[in-house]
Amino acid sequence: MSFKILLLVSLLLCSFATSASTPNCQGDDCINEQQLYLSWALGYGQRSNPLHGGKKLNLVLLPEIYYYSKYWFFDNGRLGSSVALTETTQLSIIGQLNQEKGYFQQWFSGNLLQFEANTLTMPQFSTSMDRQAPFQVAVSEVSKRPTAFDVGLQLDTVSHGTMWQLAYWTDASRQHHGQYASLGARRSWQSPYGKWQVSAHLHWKSAQLIDTYYGLTALEVPPGQEYQGRDSWQAELRLNWNKPLTERLSVLVFLRYLQLDSAMTDSALVRSDHVTTWFGGVSYRFF
């Protein structure tokens with residue numbers, strides 16, 4: 001039912017869409033219609049893996065690709081359409097690959113385009129430790145997790161220089177049969193040392209989604225060790241910095257910290273209660 005509602009809203013958006021640009025943009029935040037943007041960042045970084053037997057994702061060459069037309073846009077793996085509700089608010093319908101699969105498969109295509117140079121977050125501090133569970137299951141010991149495609153509605157609005165975002169997603173591919181949502185705020189500022197951006201998000205993920213990827217069945221674990229996923233709440237912090245060197249060349253650093261709750265860490269698959277991502281390098285814009 002939720003997918004049918006999203007489909008109906010998408011048809012209405014296509015009928016009334018006027019522009020896919022950022023609401024009330026200023027300066028470098030503005031997006032030119034019908035112009036392809038392509039840049040590559042070369043450097044080094046890592047994304048940790050919270051799963052037993054899961055490999056860290058090394059980040060060396062990161063693409064950033066987006067294109068905005070009058071009625072639709074592609075933005076680093078997201079395909080969608082937007083309608084301006086007011087001068088400072090817009091509503092979008094968006095489709096993308098679900099990112100949970102990326103912890104199970106290192107060469108998952110969704111891993112390539114999820115690290116945008118202009119939006120990523122906060123590092124791990126030494127007080128957090130890996131979880132030591134009495135029973136552990138490695139990624140290689142469980143059945144293959146599905147690749148899912150989700151569609152969602154996203155509301156963006158600007159107030160007093162802060163971008164607020166509310167998003168709701170549902171499974172259009174009928175792989176995890178779940179939903180998830182997020183509420184976040186993002187603020188940017190310019191200094192003599194470069195441009196800074198900080199953001200915070202609160203994510204909710206349904207029990208069906210958590211169970212599909214982190215649940216354990218009697219076919220995967222001994223009797224009595226099964227795990228059924230629950231609704232999950234996850235907090236995220238992001239920090240990004242970049243400084244232009246020339247019109248096309250810039251240096252950048254981004255940090256990200258995602259805190260996982262007991263709905264995930266109670267699974268014998270999960271060894272850590274957080275995911276950290278960091279990257280530093282040089283970005284070159286081709287278009």
Would [X] and [Y] count as having a side-chain donor-acceptor pair, cut-off 3.5 Å?
X	Y	answer
S143	R145	yes
S191	W196	yes
Y214	E100	yes
S262	R230	yes
T147	K101	yes
Y44	N58	yes

Practice problem: Would you sort out whether R187 and M163 count as a side-chain contact (heavy atoms from CB on, under 4.5 Å), showing the intermediate values? | Solution: CA-CA 6 Å; R187 192 173 183 89; M163 173 74 77; over 6 Å; no
To the nearest 0.5 Å, what is the distance between [atom1] ([X]) and [atom2] ([Y])?
X	Y	atom1	atom2	value
T170	H177	OG1	NE2	10.5 Å
S232	D211	OG	CG	12.5 Å
L59	L42	CG	CG	12.0 Å
F286	L36	CZ	CG	12.0 Å
Y227	T217	OH	OG1	14.5 Å
I210	D231	CD1	CG	8.5 Å

Where do [X] and [Y] come nearest, in terms of heavy atoms and distance?
X	Y	answer
Q154	I94	OE1-CD1, 3.6 Å
S173	F149	OG-N, 3.0 Å
S272	V270	O-CG1, 3.2 Å
N49	K56	CB-N, 4.3 Å
H52	A268	CD2-O, 3.1 Å
S82	S92	OG-OG, 2.6 Å

Quiz item: Just wondering, more than 12 heavy atoms not from Q225 lying within 6.0 Å of its CD?
Solution: yes
Exercise. Answer yes or no: are there more than 12 heavy-atom neighbours, outside W204 itself, under 6.0 Å from its atom CH2?
Key: yes
Practice problem: Start with the C-alpha gap between V253 and N242, add the side-chain angles, then the distance that decides, and say whether side-chain contact (heavy atoms from CB on, under 4.5 Å) holds. | Solution: CA-CA 6 Å; V253 174; N242 70 79; over 6 Å; no
Quiz item: Name the one of Q96, Q179, H176, Q175 that satisfies side-chain hydrogen bond (donor to acceptor under 3.5 Å, both in side chains) with D150?
Solution: H176
Quiz item: Would you say L202 and W164 are hydrophobically clustered, going by side-chain heavy atoms of ILVMFWY under 4.5 Å?
Solution: no
Quiz item: Mind checking whether Y67 and F287 sit in one hydrophobic cluster, side chains of I, L, V, M, F, W, Y counted as touching below 4.5 Å?
Solution: yes
Quick check against the 3.5 Å criterion: does [X] have a side-chain atom that pairs as donor or acceptor with the backbone of [Y]?
X	Y	answer
T212	Q208	yes
N240	Q197	no
D75	R78	no
N76	I65	yes
Y103	S48	no
S81	Y71	yes
D261	W233	yes

Would you indicate whether the side-chain heavy atoms of [Y] and [X] approach each other to under 4.5 Å?
X	Y	value
V142	V137	yes
Q259	E236	no
Y284	S250	no
F104	L51	yes
L260	P50	yes
L85	Q90	no
L239	Y257	no

Quiz item: Would E64 and L38 count as a side-chain contact (heavy atoms from CB on, under 4.5 Å) if you check the C-alpha gap in whole Å, the side-chain angles of each, and the deciding distance to 0.1 Å?
Solution: CA-CA 6 Å; E64 186 174 8; L38 171 63; over 6 Å; no
Exercise. With sequence neighbours left out, write down each residue that passes ring pair (Phe, Tyr, Trp, His ring centres under 6.0 Å) with Y37, or none if nothing qualifies.
Key: Y66
Practice problem: Check the pair R186 / T162 against side-chain contact (heavy atoms from CB on, under 4.5 Å), numbers first and verdict last. | Solution: CA-CA 6 Å; R186 184 179 73 207; T162 299; over 6 Å; no
Quiz prompt | Contacts of type salt bridge (charged side-chain N to carboxylate O under 4.0 Å, His left out), residue E141, not counting sequence neighbours | solution = none
Quiz item: Centres of the W241 and Y193 rings: under 6.0 Å?
Solution: no
Exercise. Assign the ring pair F254 / F279 to parallel, tilted or perpendicular, where the plane angle (0 to 90°) is split at 30° and 60°.
Key: parallel
